[in-house]
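Since this is a predicted model, take the numbers as computed values, not measurements.
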Amino acid sequence: MNALAALALADFRERVRRPAYLLMLISAIGLGLLAVPPVGAHWSVLVLGGFRGRYTSGYVGLVTALTSALWLTLVGFYLVRDAVARDERTGVGQLLAATPLRTPVYLAGKLLSNAMVLGSMVAVLGVTALALQLLRGESRAVDPVALALPFVLLAWPMVLVTAALAVFFETTPVLRGGLGNVLWFFVWMLGAIGGQSPKAPFGGLGLPPVQLPDGAGQDVGLGLMYVDEPLRTFDFPGLRLDPGFLGGRLALVAVAVAIALLPALWFHRFDRPARAARAGVGPEPRTVYQGLPRTAPAHGGTVLRLLAGELRILVQGAPLWWWLGAGALALAGLAAPPGPVLAVAWIWPVLLWSRLGTQPATSGAAAILGAYPAPRRRVLAEWGAGALLAAATGAGSAIRMAVTGDLPGLGAWAAGAAFVSALALALGTLTGAPRVFQAVYTVIWYLLINDASTVDFMGALRDHGRLTGPSPLLWAALAGAGLFAALIRTAWRQARR
């Protein structure tokens with residue numbers, strides 16, 4: 001037990017020192033402002049048949065806890081998901097593998113650490129809820145139990161499940177990479193939609209059945225929604241704590257613990273060399289330094305060689321099935337209208353794009369690249385490699401638009417290729433983590449395929465052949481801004497060395 005507490009506490013202290021944690025705390029306060037809008041506002045995150053509860057402690061706690069359960073299960077996953085991978089990168093995992101610490105204890109420590117990080121954000125939202133109740137002024141009678149109960153019964157079990165799934169994804173071979181990051185968004189989406197039903201397993205998100213006032217409709221919705229008229233108010237009676245509801249929440253906690261400990265069946269805490277030695281099959285000896293091949297200096301064409309090198313690095317390791325899929329999508333773009341085909345073609349390379357800006361940190365080559373005499377050229381070449389990858393996967397649609405004379409669509413295609421590469425490079429350079437772009441781009445892409453024209457950066461959405469999204473000039477400008485941010489960040493790092 002002491003080892004478990006020490007492991008979790010040390011991990012928690014390391015995480016809360018990161019800038020990302022502070023940004024998440026600030027965003028939690030903003031989340032509370034969205035959850036409890038001003039009286040008379042035209043938006044709401046919880047609509048109960050055209051009504052909302054009066055801003056008492058019970059209702060403010062309910063709506064803020066539900067909002068945190070909905071939001072922190074998405075972004076919180078990406079925030080805490082790096083715990084096991086960080087141990088592997090830093091060598092801490094190999095040190096722990098040489099100790100008597102058992103795998104279930106290690107997994108439980110990571111679960112507890114994840115839960116502490118996300119739980120601290122839930123606590124900040126609880127304090128924010130109290131401040132907002134007093135600020136909105138509909139009820140200044142503070143009931144601490146009614147305010148805190150929704151956070152304990154609704155938000156806390158959901159973030160515990162998120163913490164457990166983060167451990168599960170990190171310790172499962174198929175899910176530990178970028179595929180797991182992309183997949184989580186769709187898992188979360190299904191859970192967010194299905195979890196709003198009162199019949200959801202274990203109570204879902206915890207949206208309780210509420211006795212609606214007379215004249216209320218039967219529609220109950222959770223999520224940021226615009227309303228034409230300010231919602232009418234009623235006195236929310238508070239949570240109904242029946243045994244079935246409480247039992248479901250306790251069962252959800254038990255399921256979370258089981259999910260986190262399940263990988264003990266296949267995860268062996270980085271001790272593969274030790275197990276191989278015990279089995280009598282040690283790794284082959286490896287020469288640390290064998291000398292680098294000497295090559296004759298080449299003159300001219302530096303920019304093109306640098307671009308080609310960055311492109312090779314970007315696509316390095318892509319399996320054969322990936323290339324076959326990319327080729328099939330390019331051919332489909334020649335035969336089908338550009339909208340849906342291009343949307344699929346530009347989700348295909350998401351895991352490769354997410355490498356942009358992150359490889360110096362993840363590969364350990366940052367110190368070597370720090371000595372590069374022209375870092376701006378390298379950044380520009382890296383962006384160019386990402387844009388070329390977009391152009392290659394969307395080539396079929398571009399050729400079709402060029403042949404049919406669809407110049408506006410071709411312009412949107414070019415701006416989109418520049419934008420997606422710049423977005424990946426900027427996020428990767430600023431955060432050093434590929435999962436940030438994987439999460440952000442997946443959300444943008446999902447909104448796009450659901451006809452959200454405001455995020456149509458590739459010209460996929462049409463109305464009788466006319467582009468419905470923002471001008472390609474806007475996306476080109478955003479691409480320039482992203483590239484500029486990456487250049488500034490790289491120059492700042494260079495100046496610190």
Side-chain angles (χ1 to χ4, degrees), residues 1-36 45 57 60-87 92 106-134 142 144-170 184 188 205-206 249 252-253 256-257 259-260 431 433 435-436 439:
M1 185 61 69
N2 290 336
L4 172 63
L7 178 64
L9 187 58
D11 206 35
F12 173 75
R13 286 174 175 171
E14 194 279 333
R15 295 192 198 192
V16 297
R17 298 189 184 102
R18 301 180 188 177
Y21 179 79
L22 178 60
L23 290 176
M24 282 294 295
L25 288 182
I26 295 174
S27 70
I29 297 174
L31 190 64
L33 292 171
L34 285 177
V36 189
V45 297
S57 294
V60 170
L62 170 71
V63 71
T64 311
L66 286 174
T67 305
S68 63
L70 190 65
W71 178 246
L72 290 180
T73 49
L74 174 61
V75 298
F77 174 86
Y78 296 105
L79 179 68
V80 301
R81 159 175 169 75
D82 193 42
V84 177
R86 188 181 66 255
D87 283 352
V92 172
Y106 176 81
L107 295 175
K110 293 304 176 185
L111 170 64
L112 183 56
S113 170
N114 289 350
M116 290 168 67
V117 172
L118 297 180
S120 65
M121 296 176 182
V122 172
V124 168
L125 272 165
V127 176
T128 303
L130 173 59
L132 287 171
Q133 179 196 349
L134 299 177
V142 176
V145 175
L147 183 72
L149 205 56
F151 290 96
V152 175
L153 297 179
L154 308 186
W156 169 247
M158 291 307 302
V159 299
L160 185 63
V161 170
T162 304
L165 285 170
V167 175
F168 182 86
F169 272 54
E170 274 206 274
W184 173 252
W188 170 85
L205 291 175
R249 305 318 280 177
L252 190 60
V253 172
V257 175
I259 289 173
T431 66
R435 66 184 182 276
V436 177

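- Here the CG atom belonging to Asn114 is positioned 11.0 Å from the CZ atom belonging to Arg81, to the nearest 0.5 angstrom.
- Residues Thr73 and Val161 have side chains not in contact (no heavy-atom distance under 4.5 Å, counting atoms from C-beta outward).
- Scanning all heavy atoms of the two residues, the minimum distance from Val80 to Ala166 falls at CG2-CB, 3.8 Å.
- Distance check, rounded to the nearest 0.5 Å: CG of Leu125 to OG of Ser120 gives 10.0 Å.
- Using a 4.5 Å heavy-atom cutoff, the side chains of Met116 and Leu112 are in contact.
- The distance from atom CG of Leu130 to atom CG of Leu147, rounded to the nearest 0.5 Å, is 6.0 Å.
- Side-chain contact check for Val84 versus Tyr106: some heavy-atom pair is nearer than 4.5 Å.
- Between Val142 and Leu134, some side-chain heavy-atom pair lies under the 4.5 Å cut-off.
- Looking at Trp188 and Phe77, their side chains never come closer than 4.5 Å, going by heavy atoms from C-beta outward.
- A heavy-atom distance below 4.5 Å is not found between the side chains of Trp156 and Leu153.
- Smallest separation of non-hydrogen atoms from Ile259 and Ala164: CG2-O, 4.0 Å.
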Stepwise, does the side chain to side chain contact (heavy atoms under 4.5 Å, CB included) test hold for Val117 with Leu79?
CA-CA 9 Å; Val117 172; Leu79 179 68; 4.1 Å; yes

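- Side-chain contact check for Val45 versus Leu70: every heavy-atom pair is 4.5 Å or farther apart.
- Residues Ala35 and Thr67 share a closest heavy-atom pair of CB-OG1, 3.5 Å.
- Side-chain contact between Met121 and Ser68: absent, with no pair of heavy atoms (C-beta onward) separated by less than 4.5 Å.
- Minimum interatomic distance between Leu111 and Ala260 (heavy atoms only, all atoms of both residues): CD2-CB, 3.7 Å.
- Summarising the geometry of Phe151 relative to Gly126, their closest heavy-atom pair is CZ-CA, 3.6 Å, with the distance given to 0.1 Å.
- For Arg13, the CZ atom sits in a loose shell: 12 or fewer heavy atoms of surrounding residues, nucleotides or ligands are nearer than 6.0 Å.
- Remark: Arg15 engages Asp11 in a salt bridge (Lys or Arg N to Asp or Glu O under 4.0 Å) (not counting sequence neighbours).
- Salt bridge absent: Glu170 and Lys110 never bring a charged side-chain N and a carboxylate O closer than 4.0 Å.
- In this structure, Ala69 and Leu154 approach most closely via the heavy-atom pair CB-O, 4.3 Å.
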